[in-house]
Amino acid sequence: MLKPRLSLWFTRGYATRIAEKPPARFPDPLLNAPNVAAKTLKDENLTFIHRPPPTVPSPHSTTLAPASPLLKSPTPSNKHAPMPPFLRPSAYNAAPLRMSDKDIEQLRKLRLSNPEKHSRAKLAKLFKCTPNFVSKIAALPRPKRKEFARKMEAEHETVRGQWGEKKATFVAIKQKRREFW
Amino acid sequence: MGHVSKRLYSSASKLAVSTSRLKQFPPKEAILVPDSGKPNFFDPELWAALQPPPTSALTAFAHRIGLANVLSSADVVRRACTHKSFLNLHAKYYPSSPTPPTNANLATLGNSLMGLFASEHLHAAYPHLPTRVLKAAVSAHVGPLTCASVAQEMGAVPLLRWHRQPTTPMSPALLHSDALASIPRAITALVYQEISLQSARKFVQSFFLSRQVDLQSMIRFRDPKRALTETVEKFGRERPKSRLLKETGRYSNSPVFVVGIFSGQDKLGEGFGSSLKMAEYRAAEDSLHRLYLTRTPDHLLQVPSSTFPFKQGNIYKTGLEVPYTPGVLGEAEILYASSGRSNIVAPKRPTLEEIEARREGLDV
């Protein structure tokens, strides 16, 4: 049995307006940034909006409120605090163990006896350290160092002479860009 | 009007030559004598350079810089504006006239005083600045170029009496800026002599130490990462490690990386760049800038020379003691790129054997 549908006369079963997506209203990007400082001058009809770049550090550092953590007490180390990832994958490797004094002596002996035969790279591979470490602990005397540098420079000069114009230009551009770091 | 007369009048108007003070204008040397066969060598610019500036200009200068009570007479100002290079020129053309007093002694004294005030002010203001940067900052505040700029701003250029000197085997060339720089130095010395050390410090503070100098752009490094590692070790903290904070467009032609350098949990500094290496370099630079450019607030800034008495007299005598709290001493600076060696290789000193051999050689 049909129920009495009073709504038949008071409602309609069709839409009088075509459904539209409401117009997208986006927040003003100038005012929506987190560190916005906006100042309005009503008389001159001007608005000054300062949006500091998100990572520019503050230039102001005073002795009462230093910007450098070196001048403040160090924060207690928390192993479980989330930290951004390291820049290089090699940083995740454990630090190598200290080289024994015996190994250091042997490294020095080898390097100073015949630096051409026992190069930094070969010694680093042999003793499981880095070439820079070899330079630091088994530094050659200054005249020997200068001689090596001169030889290297001469070799590089010949290589640079073989470059074409394009390559030389690109290298020069890279060097200039490096000056602006 | 001949061309010589025209040049004479134009030179006289460019330099501050007061023709009313002269006995005769145009001067005798300038007037051509057509009868005599002697050639007339007259240089109007040289003549104008030899004349003293007028009293009105000197008095106006003293009042303009607010030191009318210190630079009481025009002669004092004239002395302060005469460089020692002028003496030779004056003696050559006016040998019978008395030699004009120069600012040589005053300039030397004033230079030392300005160096003292600038060094103590900057050391108190930036306690963690390394030595070579402090030296550069002192030069920026009271160096020869700044002194020359200040002299120009004061309006001392037409009052300066000097003579250009080319490079000789014994001395470098004398430049206009060097001669100009002697004027504010001489004025500092005069303030010290006439009033007191405190007044001289006030003068240097208002004209030189209140100038804005962008130290951040002056501090550059050859290897900021190495300098930072050594600095952090000096402070006894954990070794600095670089971490990637943000990145965008890594494989595009315009990537942006933001790298932070951390010592344990503390972020020492951050930097951005279009490559990882560049961002890391800038982060290291930023860490060192944050340390070096830590400034003492003005209300806490006190300099040692403020303890000297205000009155003239013996500064070592006990007088009114001004309460003075010494400033913070920064951590000792690192050896790398410090001004210790300055890449200067000292000449090899002869050994004892060599000295004896030389002596024996002479005897034989």
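In what follows, chains carry the letters A, B, and so on, assigned in the order in which the sequence lines appear, proteins first and then strands, with residues in each chain numbered from 1. Worth saying up front: this structure is predicted, and the values here are computed from it rather than measured.
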Greatest number of heavy atom pairs closer than 4.5 Å to chain A - which of Thr296(B), Leu244(B), Val259(B): Leu244(B)

Taking Glu238(B), Glu280(B), Glu331(B) one by one, which has the highest count of heavy-atom pairs under 4.5 Å against chain A? Glu280(B)

[X] [atom1] to [Y] [atom2] distance, which is reported to the nearest 0.5 Å:
X	Y	atom1	atom2	answer
His60(A)	Arg290(B)	NE2	CZ	13.0 Å
Gln265(B)	Ser77(A)	CD	OG	7.0 Å
Ser274(B)	Phe180(A)	OG	CZ	13.0 Å
Leu300(B)	Leu64(A)	CG	CG	5.5 Å

Are there more than 12 heavy atoms of other residues, nucleotides or ligands under 6.0 Å from atom [atom1] of [X]?
X	atom1	result
Asn45(A)	CG	no
Leu97(A)	CG	no
Arg145(A)	CZ	yes
Asn78(A)	CG	yes
Glu233(B)	CD	no
Tyr324(B)	OH	yes
Arg211(B)	CZ	yes
Glu105(A)	CD	no

May I ask you to test the [X]-[Y] pair for a side-chain heavy-atom distance under 4.5 Å?
X	Y	result
Pro69(A)	Phe262(B)	no
Thr62(A)	Thr294(B)	no
Tyr292(B)	Ser68(A)	no

For Arg282(B) and Trp181(A), which heavy atoms make the closest approach, and how far apart are they? NE-C, 3.6 Å

In residues 85-92 of chain A, which residues are in contact with chain B at a heavy-atom separation under 4.5 Å? Pro85(A), Phe86(A), Leu87(A), Arg88(A)

Residue part contacting chain A, namely of His128(B), when any heavy atom lies under 4.5 Å: side chain

Heavy-atom cut-off 4.5 Å, strictly under: side chain, backbone, both or neither for Lys277(B) against chain A? both

List the steps and the verdict of side chain to side chain contact (heavy atoms under 4.5 Å, CB included) for Leu70(A) and Arg237(B). CA-CA 8 Å; Leu70(A) 294 170; Arg237(B) 302 293 181 92; 3.8 Å; yes

Among Ala67(A), Pro76(A), Pro66(A), Pro74(A), who wins on heavy-atom pairs under 4.5 Å with chain B? Pro74(A)

Between Tyr281(B) and Arg178(A), does the side chain to side chain contact (heavy atoms under 4.5 Å, CB included) criterion hold? Intermediate values first, please. CA-CA 11 Å; Tyr281(B) 183 98; Arg178(A) 180 70 173 83; 3.7 Å; yes

